[in-house]
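Contents: one structure, followed by commentary.
In what follows, every chain begins at residue 1, and chains take the letters A, B, ... in the order their sequences are listed. Below, all heavy atoms of this structure are taken into account, side chains as well, without hydrogens, waters or symmetry copies. Bear in mind the structure is a predicted one, so any value in this text is a computation, not a measurement.
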Amino acid sequence: MIEMFLWNNLRNIVKFNKKFIYHQTNHRISVLNQFCIFEVKYFCTCIKTELEQEIKSESISDHQSYETKNVTIIKWNKFRWEEEKKDDGTKWKFLEHRGPMFAPPYEKLPSNIKFFYDGKEMRLSEEAEEVAGFYARMLDHDYTTKDIFNKNFFGDWRKCMTEKEQSKIVDLSKCNFKQMQAYFLELSEKNRNRTKEEKLALKEKNEEIVKEYGFCKIDGHKEKIGNFRIEPPGLFRGRGEHPKMGKLKKRVKPEHVSINCSQDSEIPKPPAGHRWKDVRHDPTVTWLASWTENVQGQVKYVMLNASSKLKGEKDWQKYETARKLHRCIDKIRTTYKDEWKSKEMRIRQRAVALYFIDKLALRAGNEKDEDQADTVGCCSLRVEHIQLHEEKDDKEYVVVFDFLGKDSIRYYNEVPVEKRVFKNLQLFMENKKGSDDLFDRLNTSVMNKHLNELMEGLTAKVFRTYNASFTLQQQLDELTNADDNEAEKILSYNRANRAVAVLCNHQRAVPKTHEKSMEKLKEKIDAKREAIREAERGMKEAKRDAKNSVKEKQIYEKKKLQVKRLNDQLGKLQIQETDRDENKTIALGTSKLNYLDPRISVAWCKKFNVAIEKIYNKTQRDKFRWAIDMAGPEFVF
DNA sequence: TCGTGGACTTAGTATCTATCAG
DNA sequence: CTGATAGATACTAAGTCCACGA
């Protein structure tokens, strides 16, 4: 009933402003999106009371059952119509939650699991045993072959020992953790072999926890929390050549945790016998809890899930900024090309760096401390990271980039550039050592300050977003054929996605099973081919007989259909093969989740009649709900 | 203007789970 | 039904960017 009521109202709104409402598919009403609340607000207040009753009667959270229960959809949107934008920097008015969940306390090893030092059994104190266990678990990981890791671990481990232990255990290579390791392996094996009932019970227990800790109330909405579990203790796993790898990440106690919630909410209770570090009521930030991690001294936060309104709005804003850049990108490009000729070194460097950020989607490149892995971005490039070739492989003025970027992922690219850029780079490199900064007159704050003058809200990372989304749009236009079948269309989408991932250098380790799974796929394809040959033979025979009787003609038709079906299946397998091989070292997820304006994808789906579910899984649909409701088929970047 | 800390986004990988062939 | 596998999700490290204080 509510549905009908709403639907009638929606129709009015459709007439009012076509832009905001899109379609009614099957049983689902695709409702106004949350960001267009002001225009439609007055049409909807009339149903406010009914909706509120509906909401009170159920305790479904905003994000739940979004696609199955229309009522839930209504609920999600209802509040948003009522909300007002605050531009005083406050992010919420009301915030209530249960506080974070702590790691389970340490359980001592059974007494038959022994640790040996220098061949002799040795009982460890509880604390020393726990930390030894962290190491034992990692014994067959590459990390434990690294000197820095071992040195850091051993240093921190010794700090947890009793004096007696300290005086005895002085050499890591004399430690034998084998029994502990075997015990942990056995334990995880046991966990894996749990019976169905045990698994179910565990699942239910977990659901209880999520129900209790996993949600918060924020301005009238029940929203999912992203990470309500506090990080358990363990050994720090830095990426690349991290100088702190192996250091002990200590157990976080309530006494280390700050809580943020509204004054008039029910303040979360700390675990019995403990107290919070402090309780704040700061509406200018979005975190619910925070603590300082001991290895790098960084603040860690408990924040909302990406499906929340707060995060969704921010995401939307990000893409709006990128679209704004689209409108002035020509001017910006003309300007920086012009500045390659500037008299001032500072400006030339800025202009060349911006060219790289724009053309190659490089990251800004903040300075880093000594106690972090040595990685760089655009502004922090050093002379040793590029090579200049007047000519390379028939191309003129080639710059070869070779450096480690974020997460110590290698960036290697041979890029032909304009002569002027090339000459400038030669100039920047004059009289410098390899370890000197390429852009010595430049850093990210200079760059961003300049960018902000060119366009309000413009920073270096906007170029990455913009170029990624622009590339997607352009690749989709180029690759998609309207008369392809669905599998082919999706391959095109993935290829466009892939082009972006390549641009942004999103890599992954080749999956361990890649080789094997490719072989299997090949076998499948061969088998399918064989089946087709077989079926075709059968079909031909049937065709001969088909003239004889109606019944035999039917058989022929059946066989014909079967051949067609088999061929379709073969096509799908072949597409899968290409797709998977092309994906071997490229990770699509990151760009899909963080760089591609979802409205482009949604519009593409609608235009080519592909179900959203084919390109976005559940998590992704939750995150991009705002776009799924908003974008019409005509949305282009 | 420069360094630092805080807040928030972006990132790859480890682990879990749903699905599918056998 | 079962084990392999691929895809989904959890996890947390590592970036970006901005505000603030000296």
Base, sugar-phosphate alone, or nothing: which one does [X] contact when heavy atoms must sit under 4.0 Å apart?
X         : result
Gly238(A) : sugar-phosphate
Ala460(A) : sugar-phosphate
Gln296(A) : sugar-phosphate
Gly365(A) : sugar-phosphate
Ala587(A) : nothing
Ser290(A) : nothing
Gly405(A) : sugar-phosphate
Gln507(A) : sugar-phosphate
Arg192(A) : nothing
Thr286(A) : sugar-phosphate
Asp407(A) : sugar-phosphate

It should be established whether [X] places a side-chain nitrogen or oxygen under 4.0 Å from OP1 or OP2 of nucleotide [N].
X         : N       : answer
Ser445(A) : dT1(B)  : no
Arg237(A) : dA14(C) : no
Thr444(A) : dT16(C) : no
Asn366(A) : dT16(C) : yes
Lys249(A) : dA13(C) : yes
Thr590(A) : dG12(B) : yes
His141(A) : dA14(B) : yes
His506(A) : dA11(B) : yes
Lys244(A) : dA13(C) : no
Lys300(A) : dA13(C) : yes
Lys318(A) : dT10(B) : yes
Tyr301(A) : dT12(C) : no
Asn594(A) : dT9(B)  : no
Arg363(A) : dA11(B) : yes

Regarding Arg621(A) and the six-membered ring of Tyr616(A), is the cationic atom NZ or CZ under 6.0 Å from the ring centre and inside 45° of its axis? no
Using a 6.0 Å distance limit plus a 45 degree cone around the ring axis, check whether Lys222(A) lies over the aromatic ring of Phe215(A). yes
Candidates [options] - which lies nearest the side chain of [X]:
X         : options                   : answer
Lys203(A) : dA13(C), dA18(B), dC8(B)  : dA18(B)
Tyr595(A) : dA7(B), dT12(C), dT10(B)  : dT10(B)
Ala509(A) : dA13(C), dT13(B), dA11(B) : dT13(B)

From Thr321(A), Thr444(A), Asn448(A), Asn452(A), residue fulfilling side-chain contact (heavy atoms from CB on, under 4.5 Å) relative to Thr459(A): Asn448(A)
Spacing of [X] atom [atom1] relative to [N] atom [atom2], expressed in whole Å:
X         : N       : atom1 : atom2 : answer
Gln317(A) : dC18(C) : CD    : C1'   : 15 Å
Asn227(A) : dA13(C) : CG    : C1'   : 13 Å
Gln372(A) : dT16(C) : CD    : P     : 11 Å
Leu304(A) : dA7(B)  : CG    : C1'   : 14 Å
Met447(A) : dT1(B)  : CE    : P     : 17 Å
Leu593(A) : dC11(C) : CG    : P     : 16 Å
Asp278(A) : dG6(B)  : CG    : P     : 12 Å
Leu362(A) : dG15(C) : CG    : P     : 14 Å

Could you verify whether a donor N or O on one side chain and an acceptor N or O on the other, from Lys217(A) and Ser265(A), lie under 3.5 Å apart? no
Going by atom types only, do Gln296(A) and Asp371(A) share a side-chain donor-acceptor pair under 3.5 Å? no
Aromatic contact, Phe356(A) with Phe401(A) (centres under 6.0 Å): yes
With ring centroids as reference points, do Phe228(A) and His97(A) lie under 6.0 angstrom apart? no
Map Asn617(A) and Asn452(A) onto DNA chain C by nearest heavy atom, then report which one ends up closer to the 5' terminus. Asn617(A)
Start at the 5' end of DNA chain C and walk down; is the nucleotide closest to Arg229(A) or to Gly240(A) reached first? Arg229(A)
Starting at the 5' end of DNA chain B, which residue's closest nucleotide do you reach first, Trp287(A) or Asn443(A)? Asn443(A)
Given that Val299(A) and Arg508(A) both sit by DNA chain B, which one's nearest nucleotide is further toward the 5' end? Val299(A)
How many angstroms lie between atom NZ of Lys244(A) and atom CG of Leu248(A), to the nearest 0.5 angstrom? 13.0 Å
Is a donor-acceptor pair below 3.5 Å formed from side chain Lys461(A) to base dT9(B), judging by atom type as modelled? no
Please tell me if the side chains of Tyr106(A) and Pro233(A) come closer than 4.5 Å, counting only heavy atoms from C-beta onward. no
